[in-house]
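Below is one structure, written out as structure tokens; the observations come after it.
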Amino acid sequence: MSKPPVTSSSPEQDIADQVPSHIFRQAVEQAALAISITDARANILYANAAFQRTTGYGQDEVVGHNESILSYRVTPKAVYETLWVQIQRQRPWNGLLVNKRKDGSRYLADVTITPVVGEEGLTTHFLGMQRDVTEVHRLERQVQNQKALIESVVDAAQVAIVLLDEKERVLLDNQEYKKLIGDLGKEPAVKILAELRIQMDETFTHAYTQHRNIAAREVCIQLPTRPPRWFSCAVSWFEEHDVGADAFYEPQRRHYLLLTIQDISELKHQQETVRINSLHALLSEQERIQSLRETLAGAVYQLEGPLNLLSAAANMLERRLSSQPASSPKEGEGGLPSSALEEAIQKGREALETLRACIPDQSSETVQTVNLNEVLADVLKLTTPNLLGSGIVVEWVSSEKPAMVSGHSAQLSNLFKQLISNAIEAINERRGGKRELRIVCTSHTDHIEVLVEDSGPGIPEELRYKVFQPFFTTKGSKRKHLGLGLAMAQEVVNRHSGTIDIDTGYYNGCRVRVQLPYVTGGSRV
């Protein structure tokens, strides 16, 4: 008796044979995914319980009907055409269809259709699986809408907004930030953060490492050939949970930096204009008061001389009269009666006291720590119109370190304003040649030195000290100069325990040297 032929089978078939067929049926019936089986023409032969829960149709209501009973008109025809082309090639198709339930309500179905191929290589059935993704789609679209809304709002904002990762790489920015790129060059955010680091030092480092917000701070960005730009900047941090699979059970967070940048250059310019105008008004008032002080003091000084001579003559007359015999003077002898002369002297003394009383008091400005670099910069701003009008080229060299002194800011400003104004007038006396003004501030071991050099005619050595005397001027009376400018400068320097002199070794014009001590007890930076 011959043995039956041995038929070979695939490993997958061997495994399937080990699972009873009713297990397959129960697994499909109890699956949470809506499953349907159709013939080659898409007529439904079977639908599981999940199919009923999803569509509202029971198995007895759909068996024998075409799968198209679920179709809804809003699904484009091209989608169905692509579906049929794919499955007729015996390839699975997956996509989204808008389907209609039994009650007429619509839902978005994530559908996968797999052709079932028989032993002869022909498609005998289709396996359809679908799940309702309406809520997922709604949430995704809601997130997209919110994202688009946020991006629109951010783009419409009048301030520059930029989002950076922890390595300070730009991830998102708006239109205002893109404008800053055109103005400041590549990645303005990096430049601004660098300035904040310098400005805040350890405070910034602590806030940055601890991911703490930084309230609005003003930052100045210097530009090579243009005026500096001022910005009000704020830093905010937020964290994002990692969406990777590895972080599902062990959450991981990423931190992002949100930098808002508001251009306040125009506001700072307006504030600076107001400040300079206020300073100009203050200096003009102080100059007027100081000029009045010097004028009245000079008048008192000038009147005291003749009055003292008159007083001496009166004393001489008194002694002469007292040495003569007690008899009535003859007519024409003895000059003015001594009583009349004494009365004139008394009236003169009273007039001098009245003048002294009219001399204004010194300014009550408080003593404070003053940076001469800032004082000189302000004075140059004040005198810029005169410098430009005179066609004078200015070289301004500030001290590398803060030039800190103790004193009265307004008085020091007036001091250098007088020196610069004198230099401008001296340069204007020359009709030709160089028209240059050089101001140098230097920090020395125990004092700050300021040099004011002009290309004017200079001052002769014999007048080196005389020019600081009140009412002395080299410009002549026709120029209507009282000769009080350098005298007032001398008084301010004396009040600040400094020195002022004219360098006789400078032959290219005039060099005035001012030396002021460092602030007492102040820190030298």
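Along the sequence shown, residues are numbered consecutively beginning with 1. We use all heavy atoms of the structure for the numbers below, so side chains are in, but hydrogens, waters and symmetry mates are not.
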Kindly give the heavy-atom pair with the smallest separation between S455 and E436, and that separation in Å.
OG-N, 3.0 Å
Assess whether side chain to side chain contact (heavy atoms under 4.5 Å, CB included) is satisfied between T82 and V85, documenting all intermediate values.
CA-CA 5 Å; T82 303; V85 169; 5.8 Å; no
Is E395 paired with K434 through a side-chain N to carboxylate O contact shorter than 4.0 Å?
no
Heavy atoms of V159 and N174 approach each other most closely as O-ND2, 2.9 Å
With a 4.5 Å limit on heavy-atom distance, are the side chains of Y177 and L259 in contact?
no
W230 backbone acceptor or donor facing S265 side chain under 3.5 Å:
yes
For V170 and E187, the nearest pair of non-hydrogen atoms, with its separation, is CG2-OE1, 3.0 Å
Spacing of T38 atom OG1 and I113 atom CD1 [to the nearest 0.5 Å]:
7.5 Å
Neighbour count above 12 (heavy atom, 6.0 Å) for H280 NE2:
no
Within 6.0 Å of CD in E400, more than 12 heavy atoms from elsewhere
no
Where the side chain of N373 meets the backbone of P402, is there a donor-acceptor pair that is under 3.5 Å apart?
no
At what distance, to the nearest 0.5 angstrom, does CD of E166 lie from CZ of R254?
9.5 Å
Give the intermediate values and the outcome of salt bridge (Lys or Arg N to Asp or Glu O under 4.0 Å) for residues R197 and E168.
CA-CA 14 Å; R197 281 189 178 91; E168 295 185 3; 2.5 Å; yes
Whether H211 and H255 hold their rings parallel, tilted or perpendicular, with breakpoints at 30° and 60°
parallel
Quick check: do K381 and E272 have side-chain heavy atoms less than 4.5 Å from each other?
yes
Enclosure of E202 CD (heavy-atom neighbours >12, cutoff 6.0 Å)
no
Do Y208 and I214 come close enough that some side-chain heavy atom pair is under 4.5 Å?
no
Please round to the nearest 0.5 Å and tell me the distance separating atom CD1 of I439 and atom CG of L451.
10.5 Å
Please answer whether the main-chain N or O of G104 pairs with a side-chain N or O of R106 as donor and acceptor at a distance below 3.5 Å.
yes
Of all heavy-atom pairs between C441 and A403, which one has the smallest distance, and what is that distance?
SG-CB, 3.7 Å
Start with the C-alpha distance between Q270 and V274, add both sets of side-chain angles, then the distance that settles side chain to side chain contact (heavy atoms under 4.5 Å, CB included), and finish with yes or no.
CA-CA 6 Å; Q270 293 174 0; V274 171; 5.5 Å; no
side-chain contact (heavy atoms from CB on, under 4.5 Å), paired with V162, selected from D173, L172, L258
D173
Are the side chain of T209 and the backbone N or O of H206 linked by a donor-acceptor pair below 3.5 Å?
yes
Between the main-chain N or O of I35 and the side-chain N or O of N48, is there a donor-acceptor pair closer than 3.5 Å?
yes
Donor-acceptor pair between Q142 and R138 side chains, under 3.5 angstrom:
yes
Tightest non-hydrogen contact, residues S390 and I424, listed as OG-CG2, 3.8 Å
Flag, side chain of T75 to backbone of V98, donor-acceptor distance under 3.5 Å
yes
Less than 4.5 Å apart, side chain to side chain, heavy atoms only: is that true for L387 and L380?
yes
Salt bridge K179-D263, side-chain N to carboxylate O under 4.0 Å
no
Under a 3.5 Å distance rule, please check whether N213 uses its side chain to pair with a backbone N or O of W237 as donor and acceptor.
yes
How long is the straight-line distance from OH of Y80 back to OG of S71, given to the nearest 0.5 Å?
3.5 Å
Can you confirm whether I37 sits close enough to V116 that some side-chain heavy atom of one is under 4.5 Å from a side-chain heavy atom of the other?
no
d(L279 CG, N414 CG) to nearest 0.5 Å is 8.5 Å
Do the side chains of Q130 and L70 get nearer than 4.5 Å, heavy atoms only?
yes
Hey, is NE2 on H269 packed in by over 12 heavy atoms from elsewhere, all under 6.0 Å?
no
With the side chain counted from C-beta on, respond yes when E218 and K268 share a heavy-atom pair under 4.5 Å apart, and no when they do not.
yes
Residue pair H496, H408: steps toward the side chain to side chain contact (heavy atoms under 4.5 Å, CB included) verdict:
CA-CA 8 Å; H496 288 79; H408 306 277; 3.8 Å; yes
Please report the shortest heavy-atom distance between Q368 and S409, naming the atom on each side.
NE2-CB, 3.6 Å
Please round to the nearest 0.5 Å and tell me the distance separating atom OG1 of T112 and atom CG of N94.
3.5 Å
Beyond-backbone contact of D378 with R275, side-chain heavy atoms, under 4.5 angstrom:
yes
Please lay out, stage by stage, how L45 and V63 fare under the test side chain to side chain contact (heavy atoms under 4.5 Å, CB included).
CA-CA 5 Å; L45 304 178; V63 171; 5.8 Å; no
Looking at R131, I want to see if its CZ is surrounded by more than 12 non-hydrogen atoms of other residues, nucleotides or ligands under 6.0 Å.
no
Does K100 have more than 12 heavy atoms from other residues, nucleotides or ligands lying within 6.0 Å of its NZ?
no
Will you find, in the side chains of Q90 and T123, an N or O donor that is under 3.5 Å from an N or O acceptor?
yes
